[in-house]
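Here's the structure, in structure tokens; my notes come after.
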Amino acid sequence: MSGSTASPALEELPLRPELVGQMPYGAPQLDVAVCLNVNENPYPPSEQVINEIAAAVAEAGRSMNRYPERDALALRGDLARYLGYGLTAEQIWAANGSNEVMLHVLLAFAGPGRRVLSFAPTYSMYPEYARDTHSEWCTAPRRDDFTIDPEGAVTAVLEVRPSVVLITSPNNPTGTAVGLPTIQAICDVAPGVVVVDEAYYEFARKGTPSALQLLPDYPRLAVSRTMSKAFAFAAGRLGYLAAAPAFIEALRIVRLPYHLSALTQAAARVALAHAPEMLATVDQLRQARDDLATWLAARGLQVAESDANFVLFGRFTDRHAVWQALLDRGVLIRETGPDGWLRVSAGTPAEMQTFKDAFAAVLGNEIHKETP
Ligand SMILES: *Cc1c(COP(=O)(O)O)cnc(C)c1O
């Protein structure tokens, strides 16, 4: 190709200036034996669920020539029943992953001249939704143990006056759950909406309360969940949110027409009908997480207390070298979080053993660990 027909380089295209030099989301998808980098549930669905999904998708295929049910009301009803708390379909929103749900929230409630506040370190995608919606991204720091100081949070909300506050609980990448009194304190002063992202809620220690119970008290509060993590349905792309019906009405204004495919709706409904089975491995994964944390701490590492299906640990003078050395041994983890820390997902017993063997070999080199 040459001359005027040449395919242009990216720099030659009139990209929005704030996107120049930006990279797409790209957690490495490598062909590695042990993938412990994106917090998936490592257990695939049973043959029975696979067959039922196939049958439901085939049925949906009969009307492939028609647009899907735009408001996904049957699916939203199923999600409401799954959550409980007396929720109904009109209090539920659903989209292609809770990432899309969160983009809808920012499209509806943030935007030019408006601010989005969260508590760092937190989920790396939030600042990207803020950028994409021309909103100003602001953070207040967490304490050294990654908990949120309620008084500091209230001060930050009063100073920043955010249109949207995002609270991740349990937090990614630290695993930290946020107590309800802290969420209430933030809701009491927030001038806009507050979203609690409970993507990892099912992994929280038993008795950890959900912000869902606060919904009746706070009409501007929303709680988001996903089927990507505990529910073992990451490839299905289904995230959802619970809030007051008016909040859901706001999200419907900004969603694309027919955003949720008939295939997604059909497959998700089958998975939800088998909720106990889809969630059957959660206890095992909680145990794997706790064992992993104990094992890492016994090796003299700092380990963040986790209510999710991963553990953040450190600190390393050169975390990239540790990450690479593990990858060289066939174990992919995540280089994320504050400098010097790494994140590893809870896996199957075999995966945990491979990780431990590989990590022990890497630590044996003693070149990487920072003396506390
Ligand atoms: C993984 C994750 C999600 C879920 O994303 P999906 O788009 O539903 O797959 C949401 N929030 C946080 C904090 C996460 O870590």
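One-based numbering, in listed order, for ligands and for the atoms of each. As the structure is a prediction and not an experimental result, all values here were calculated from the model. Only heavy atoms go into these numbers, but all of them, side chains included; no hydrogens, no water, no symmetry mates.
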Side chain to side chain donor-acceptor pair (under 3.5 Å) filter on T133, not counting sequence neighbours, yields S135
Between Y67 and Y258, how do the two ring planes meet: parallel, tilted or perpendicular, split at 30° and 60°?
parallel
Flag the pair F231 / Y82 as yes when their ring centroid distance falls below 6.0 Å, and as no otherwise.
yes
Taking salt bridge (charged side-chain N to carboxylate O under 4.0 Å, His left out) as the test, write out the residues that go with R161, two or more places apart.
none
Residue shell for ligand 1, any heavy atom closer than 4.0 Å, reads G97, S98, N99, Y123, T168, N172, D197, A199, Y200, T226, S228, K229, R237
W341 and ring pair (Phe, Tyr, Trp, His ring centres under 6.0 Å): which single residue from F310, F316, F146, F313 fits?
F146
With sequence neighbours left out, the residues meeting salt bridge (charged side-chain N to carboxylate O under 4.0 Å, His left out) with E69 are none
